[in-house]
Visitor: 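This is the structure, below, for whatever I ask next.
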Amino acid sequence: MSSKVVTRFAPSPTGYLHVGGARTALFSWLLARHFGGEFLLRIEDTDLARSTEASVTGVLEDLRWLGLNWDNAELVYQSKRVAIYDRLIEGLLSRGMAYKAYETPEELEGQRRIAERAKRPYIYSRPKLSEEQVRKFEADGRKSVVRFVMPVKEYRFTDVVLGKEIVLAANQVQDFVLRKTDGMPTYHFAVVVDDAEMGITHILRGQEHLLNTVNHIGLQDALGYARPIYGHLPVILNTEDGSKMGKRDRDKKIRHHAHLWMKSSKMAAADLARLAELGMERVEWWLADTGRQLEGSEQKKIMGVVGLKETDLPEILIHDFRANGYLPEVMLNFLSLLGWSPGGDREQMSTLEMIELFSLERIGQANAKFNREKLLAFNTEACATSPEMRMVAVMRDFLSVNPQSPMNAASDEELRAVLKMNAGMRILREVEEKSRFLFVADEKLEYQPEAVEKVLRKNERQGYIALKNVRDILAGVADWSGAALEEAVKKYCETAGLGLGKVAQPIRVAVSGSMVSPPIFETLAFLGKERSLRRIERCIEVVGHAD
RNA sequence: GCCCCCAUCGUCUAGUGGCCCAGGACAUCUGGUUCUCAGCCAGAGAACAGGGGUUCGACUCCCCUUGGGGGUACCA
């Protein structure tokens, strides 16, 4: 095997990149990089109704974020290659290797139902049309598709991932559609032509394509193409129910909550539709069947009504993980372990190590469940061990996709300091939630009622009193450093006979507005004497007044 | 229904006939550390789906059962 390895990733732009697609892309990329070959990108936009340019942009951005760089400067769009497909299809037609078929989708559906009712497997049977019938169909303006004359025989091919030969019996093959009524090629046709023309040597794809492969090799034989090496990757499943992990899962959760909401608030679908400013039929249609999906904008409206936050939804899309503050290198590492293992006890790897260690033989056969907790643990470790510079860059990227965060105003130096005081962070979203108060104007700081109650008011306002007392101590601290502040406050605790927690928590609430923040002395040092005291002063006033 | 794929701790997996009364990681549980959250440290429990073969010997090979997943489109 002296020829160069050429792999590809060929997403259909009907949504953003999800973990399954990313894993497929990663494996193809690793294979190419391992052998010093090429990794190409192609956009499979033959489904005119569902493909969008926004999806293409999104997928490309996600791939770039992950660092899965592709080698073709010019992207291949199947929608721009229709003339090429047409020429080849005409060739097949003229040689009798394909034919026009005139059944409507409804007629086919009917045939399928009949077969199902008779408990017979449905296999499309080629109708024998007389020339006269064909003329009549054409004259009636009946739309036609082009079907491939699939040679009836046993098909077999070797799968490198499964490590075995896949056999499909002759009675299972059937003629399939090459060109749809709208003139676009089907996936099956375009994929075979493009893989051949792009010189793809290895095709890695999800196991849902396993049986499609026989159609593809039937076509390859008819068109005189060489057969690439195939490998079908195990499917990534949900931990919760073991079903295939996919974009539908977010929709599933929203629907579930919508039902709960209707039950608890005694509302009907019509009320939900009205409040969400959506059509009633649309909402009812969606609620009725778990197989149905709403558009992203519609989902948002429903979520607003039933009280679901973006962060309540399961992360499925690569973009979700980015927006929650996972590191791309961690995603890559974790994804690589879903179906692959370098062997032994090896788990955490840099991308370079993954390239070096990757091999098709070590890809597993069993489906894998996506374990979020383990991903979190990997991310925690990476956050703890990555260089400061890297973390600042990652934080910037995180903030760029969270433009509403006040932390966007922070300088690199400030980010570095914030990251440092957040040692032990798991994801960047936690850093943001825990530290955003540092970048809110003193007078705009909001005090959580529960925090004020529990920490300052409870037990005869012990916390409030401690805060007042420690305010005077802090006002007298000359060296406003973490260490000096700690010393001063601890000394106060000792003389007052209080545990550090009894004093630290009131200060925390006063400067952050909540019961959770980075370590209190570092927080004070970051804010500086003036701002710290101003916040404490304001808190004393606000809480005192409220009585 | 039919076709195809798969099967080691709760989860991801290591294991390619004796090195395994099965190793690692995450999760769980128990202690410890700590100004909150998180983290960190120490320890513990936890698996070869079942039944037949093959073999001197099976987690490893073969068959069946069961279970899980995928496909069955003018979607990819």
Side-chain angles (χ1 to χ4, degrees), chain A residues 10-14 44-47 49-51 101 103-105 108-109 112 115-123 143-147 159 162 164 166-169 171-172 174 176-182 184 186-188 190-191 205-212 214 232 234-235 237 239 242-244 334 337-348 364-378 380 383-384 422-426 430-431 433-434 451 455 486 489-490 493 499-509 512 514-521 523:
Chain A
S12 67
T14 55
E44 309 219 318
D45 53 351
T46 54
D47 185 341
R50 297 200 305 147
S51 299
E103 298 91 344
T104 64
L108 291 171
E109 187 51 41
R112 256 181 235 117
E116 196 179 318
R117 243 180 249 136
K119 295 196 171 176
R120 301 269 309 160
Y122 174 71
I123 299 280
K143 293 246 166 60
S144 65
V145 299
V146 173
R147 279 183 187 263
D159 186 293
L162 263 15
K164 62 184 286 193
I166 305 299
V167 184
L168 191 72
N171 63 4
Q172 294 297 315
Q174 61 182 323
F176 55 94
V177 176
L178 300 180
R179 187 167 65 194
K180 306 182 256 187
T181 47
D182 67 0
M184 294 298 283
T186 58
Y187 160 73
H188 300 295
V191 79
R205 40 154 64 147
Q207 226 168 69
E208 61 269 20
H209 287 292
L210 189 63
L211 272 332
N212 286 340
V214 312
H232 291 90
V235 179
L237 308 173
T239 329
S243 62
K244 184 173 148 190
F334 184 74
L337 262 19
L338 252 33
W340 175 76
S341 160
D345 292 347
R346 208 69 193 281
E347 271 197 337
Q348 308 228 5
Q365 290 76 41
N367 292 166
K369 289 184 179 165
F370 191 87
N371 184 342
R372 290 194 162 71
E373 268 118 35
K374 186 155 176 166
L375 171 63
L376 231 202
F378 272 37
T380 306
C383 284
N422 274 285
M425 70 194 112
R426 305 187 302 183
E430 288 177 352
V431 176
E433 286 173 352
K434 239 164 67 172
V455 177
E486 182 164 0
V489 172
K490 278 188 173 163
C493 289
L500 182 52
K502 292 273 187 252
V503 178
Q505 278 304 79
I507 301 177
R508 171 167 285 118
V509 172
S512 78
S514 82
M515 291 185 286
V516 176
S517 86
I520 195 61
F521 303 114
T523 299

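Residue numbering restarts at 1 for every chain, and letters A, B, ... go by the order of the sequence lines. The figures that follow rest on heavy atoms only: side chains count, while hydrogens, waters and symmetry mates do not. These figures come from a predicted structure and were not determined experimentally.
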Visitor: Mind calculating the distance between CG (A:L108) and C1' (B:rU72) to the nearest angstrom?
Guide: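 In whole Å, B:rU72 C1' lies 14 Å from A:L108 CG.
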Visitor: Should A:R120 be listed as having a side-chain N or O under 4.0 Å from OP1 or OP2 of B:rG1?
Guide: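 False: A:R120 side-chain N/O out of range (4.0 Å or more) of B:rG1 OP1/OP2.
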Visitor: Looking at A:T186 and B:rC74, is any side-chain donor or acceptor paired with a base atom of the opposite kind under 3.5 Å?
Guide: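 No, the side chain and the base share no sub-3.5 Å donor-acceptor pair.
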Visitor: Regarding A:K434, tell me which of base, sugar-phosphate or nothing describes its non-hydrogen contacts under 4.0 Å with the strands shown.
Guide: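 Base: the residue A:K434, judged by heavy atoms under 4.0 Å, touches a nucleobase.
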Visitor: Measuring from the side chain of A:L210 (C-beta onward, heavy atoms only), which nucleotide among B:rU36, B:rC74, B:rC5 has the closest atom?
Guide: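 Of B:rU36, B:rC74, B:rC5, B:rC5 is nearest to the side chain of A:L210.
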Visitor: Test of understanding: with salt bridge (Lys or Arg N to Asp or Glu O under 4.0 Å), list the residues that count as partners of A:D159, not counting sequence neighbours.
Guide: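 Here no residue qualifies.
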Visitor: Can you identify which nucleotide, out of B:rC37, B:rC75, B:rC35, has its nearest atom closest to the A:Q505 side chain?
Guide: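 Nucleotide nearest to A:Q505's side chain: B:rC35.
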Visitor: Rounded to the nearest Å, what distance is computed from the CG atom of residue A:L168 to the C1' atom of nucleotide B:rC2?
Guide: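 Result: 11 Å.
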Visitor: Which nucleotide in the list B:rC5, B:rG70, B:rC74 gets nearest to the side chain of A:P105?
Guide: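 Nearest to the side chain of A:P105 among the choices is B:rC74.
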Visitor: Mind checking if A:E103 touches a base, just sugar-phosphate, or nothing, with heavy atoms under 4.0 Å?
Guide: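 Counting heavy atoms under 4.0 Å across all strands, the contact made by A:E103 includes a base.
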Visitor: How are the rings of A:H209 and A:Y187 set relative to one another: parallel (under 30°), tilted (30 to 60°) or perpendicular (over 60°)?
Guide: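 It falls in the tilted class, 30° to 60°.
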Visitor: Name the nucleic acid region contacted by A:R147, choosing base, sugar-phosphate or nothing; use a 4.0 angstrom heavy-atom cut-off, strictly under.
Guide: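 Contact class for A:R147: sugar-phosphate only.
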Visitor: Taking the P atom of each, how far is B:rC9 from B:rG23, in whole Å?
Guide: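 After rounding to an integer number of Å, I get 14 Å for this pair.
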Visitor: Between A:T186 (side chain) and A:V177 (backbone), is there a donor-acceptor pair under 3.5 Å?
Guide: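 Answer holds: yes.
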Visitor: Strictly below 4.0 Å: does A:R112 bring a side-chain N or O up to OP1 or OP2 of B:rU72?
Guide: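 No, because none of the side-chain N or O atoms of A:R112 sits under 4.0 Å from OP1 or OP2 of B:rU72.
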Visitor: For B:rC59, give the paired nucleotide (Watson-Crick: N1-N3 plus N6-O4 or O6-N4; G-U: N1-O2 and O6-N3; both under 3.5 Å), or none.
Guide: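 Pair assignment: B:rC59 / none.
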Visitor: Regarding A:D159, tell me which of base, sugar-phosphate or nothing describes its non-hydrogen contacts under 4.0 Å with the strands shown.
Guide: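 No contact at all - A:D159 keeps every heavy atom at 4.0 Å or more from the nucleic acid.
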Visitor: Is A:K502 touching bases, backbone alone, or none of the nucleic acid, heavy atoms closer than 4.0 Å?
Guide: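 Answer is nothing: A:K502 stays at 4.0 Å or more from every strand.
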Visitor: If the C1' atom of B:rU60 is compared with that of B:rU13, how far apart are they to the nearest Å?
Guide: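 Looking at atom C1' only, B:rU60 and B:rU13 are 16 Å apart.
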Visitor: In whole angstrom, give the distance that lies between atom CD of A:Q172 and atom C1' of B:rC3.
Guide: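 In whole Å, B:rC3 C1' and A:Q172 CD are 5 Å from each other.
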Visitor: Could you identify the nucleotide paired to B:rU30, looking across every strand shown and requiring Watson-Crick or G-U wobble geometry with both distances under 3.5 Å?
Guide: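 Across any shown strand, B:rU30 pairs with B:rA42.
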Visitor: Could you please name the partner base of B:rA7, counting Watson-Crick and G-U wobble pairs only when both distances are under 3.5 Å?
Guide: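 Its partner is B:rU66.
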Visitor: Between A:T46 and B:rA76, is there a side-chain N or O to OP1/OP2 distance below 4.0 Å?
Guide: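 For B:rA76, OP1/OP2 do have a side-chain N/O of A:T46 under 4.0 Å.
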Visitor: Within the 4.0 Å heavy-atom criterion, would you say A:H232 contacts the bases, only the backbone, or no part of the nucleic acid?
Guide: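 Nothing, no nucleic acid heavy atom in range.
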Visitor: A:V177 near the nucleic acid: base, sugar-phosphate alone, or nothing, with a heavy-atom cut-off under 4.0 Å?
Guide: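 A:V177: backbone/sugar contact only, no base atoms under 4.0 Å.
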Visitor: For A:R120, I'd like to know if atom CZ has over 12 heavy atoms of other residues, nucleotides or ligands within 6.0 Å.
Guide: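 Open.
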Visitor: Counting side-chain heavy atoms from CB outward, which of B:rC74, B:rC2, B:rA38 is closest to A:E430?
Guide: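 Out of B:rC74, B:rC2, B:rA38, the nucleotide with an atom closest to A:E430's side chain is B:rA38.
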Visitor: Roughly how many Å is it from CD1 in A:I520 to C1' in B:rA38, rounded to a whole number?
Guide: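 A:I520 atom CD1 is separated from B:rA38 atom C1' by 15 Å.
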Visitor: Any side-chain to backbone donor/acceptor pair from A:T523 onto A:P518? Under 3.5 Å, distance only.
Guide: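 Indeed, once roles are kept as given, a pair shorter than 3.5 Å links the two residues.
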Visitor: Please determine, for the side chain of A:E44, which listed nucleotide (B:rU36, B:rA76, B:rG39) has the closest atom?
Guide: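 Of the options given, the side chain of A:E44 lies nearest B:rA76.
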Visitor: Tell me the interatomic distance from A:E373, atom CD, to B:rA27, atom C1', rounded to whole angstroms.
Guide: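 It is 6 Å, rounded to the nearest whole Å.
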Visitor: Can you tell me if NZ on A:K502 sees more than 12 non-hydrogen neighbours from other groups inside 6.0 Å?
Guide: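 No, because the 6.0 Å sphere around NZ of A:K502 holds 12 heavy atoms or fewer from other groups.
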Visitor: Taking the minimum atom-to-atom distance to the side chain of A:T181, which one of B:rC3, B:rC74, B:rA25 wins?
Guide: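 Closest nucleotide among those given: B:rC74.
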Visitor: Between the side chain of A:E430 and the main-chain N/O of A:R426, is any donor-acceptor distance below 3.5 Å?
Guide: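 A pair under 3.5 Å: yes.
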Visitor: Tabulate atom names and distances for all N/O pairs under 3.5 angstrom spanning the protein and nucleotides 11-16 of chain B.
Guide:
residue: B:rC12; atom: OP1; partner: A:K369; partner atom: N; Å: 3.1
residue: B:rC12; atom: O2'; partner: A:L337; partner atom: O; Å: 3.2
residue: B:rC12; atom: O2; partner: A:K374; partner atom: NZ; Å: 3.3
residue: B:rU13; atom: OP1; partner: A:G339; partner atom: N; Å: 3.1
residue: B:rA14; atom: O3'; partner: A:R362; partner atom: NH2; Å: 3.4
residue: B:rA14; atom: O2'; partner: A:G344; partner atom: N; Å: 3.3
residue: B:rG15; atom: OP1; partner: A:R362; partner atom: NH1; Å: 3.2
residue: B:rG15; atom: OP1; partner: A:R362; partner atom: NH2; Å: 3.1

Visitor: Rounding to an integer number of Å, can you tell me how far A:D182 CG sits from B:rA76 C1'?
Guide: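 Those two atoms, CG and C1', are 14 Å apart.
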Visitor: Of the listed nucleotides (B:rC74, B:rU36, B:rG71), which one gets closest to any side-chain atom of A:P519?
Guide: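 Minimum distance to the A:P519 side chain belongs to B:rU36.
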Visitor: Looking for any heavy atom pair under 4.0 Å, which part of the strands does A:I166 touch: base, sugar-phosphate only, or nothing?
Guide: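 Contact class for A:I166: sugar-phosphate only.
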Visitor: Which nucleotide in the list B:rC35, B:rC75, B:rA76 gets nearest to the side chain of A:R50?
Guide: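 It is B:rC75.
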Visitor: If we take the P atom in both B:rC3 and B:rC64, what is their distance in whole Å?
Guide: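 13 Å, rounded to whole Å.
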Visitor: When all nucleic acid strands are considered with a 4.0 Å heavy-atom cut-off, which category describes A:R426: base, sugar-phosphate, or nothing?
Guide: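 Touches sugar-phosphate only.
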Visitor: On a whole-Å scale, what distance lies between the C1' atoms belonging to B:rG45 and B:rC29?
Guide: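 Those two atoms are separated by 8 Å.
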Visitor: Quick check on RNA chain B: between A:P121 and A:F378, whose nearest nucleotide comes earlier from the 5' end?
Guide: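 Closer to the 5' end of RNA chain B: A:P121.
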Visitor: Is the distance from OP1 or OP2 of B:rC74 to the nearest side-chain N or O of A:K143 less than 4.0 Å?
Guide: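 Answer no for this pair, as no side-chain N or O of A:K143 is under 4.0 Å from OP1 or OP2.
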Visitor: Report the distance from atom CD of A:Q174 to atom P of B:rC2, rounded to the nearest whole Å.
Guide: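 It works out to 17 Å between those atoms.
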Visitor: Do the side-chain N or O atoms of A:K180 get closer than 4.0 angstrom to the phosphate oxygens (OP1, OP2) of B:rA73?
Guide: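 Checking A:K180 against B:rA73: no side-chain N or O falls below 4.0 Å of OP1 or OP2.
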Visitor: Pick base, sugar-phosphate or nothing for A:I123, based on heavy-atom distances below 4.0 Å to the nucleic acid.
Guide: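 Touches nothing.
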Visitor: Rounded off to whole Å, could you give me the CG-to-P distance for the A:N212 and B:rU72 pair?
Guide: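 Taking CG of A:N212 and P of B:rU72, I get 7 Å after rounding.
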Visitor: In Å and rounded to the nearest 0.5 Å, what is the CD to OG1 distance from A:E109 to A:T104?
Guide: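 Going from the CD atom of A:E109 to the OG1 atom of A:T104 covers 10.5 Å.
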Visitor: Taking atom C1' in both B:rA47 and B:rC75, compute the distance separating them and give it to the nearest angstrom.
Guide: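 Comparing C1' positions in B:rA47 and B:rC75 gives a spacing of 39 Å.
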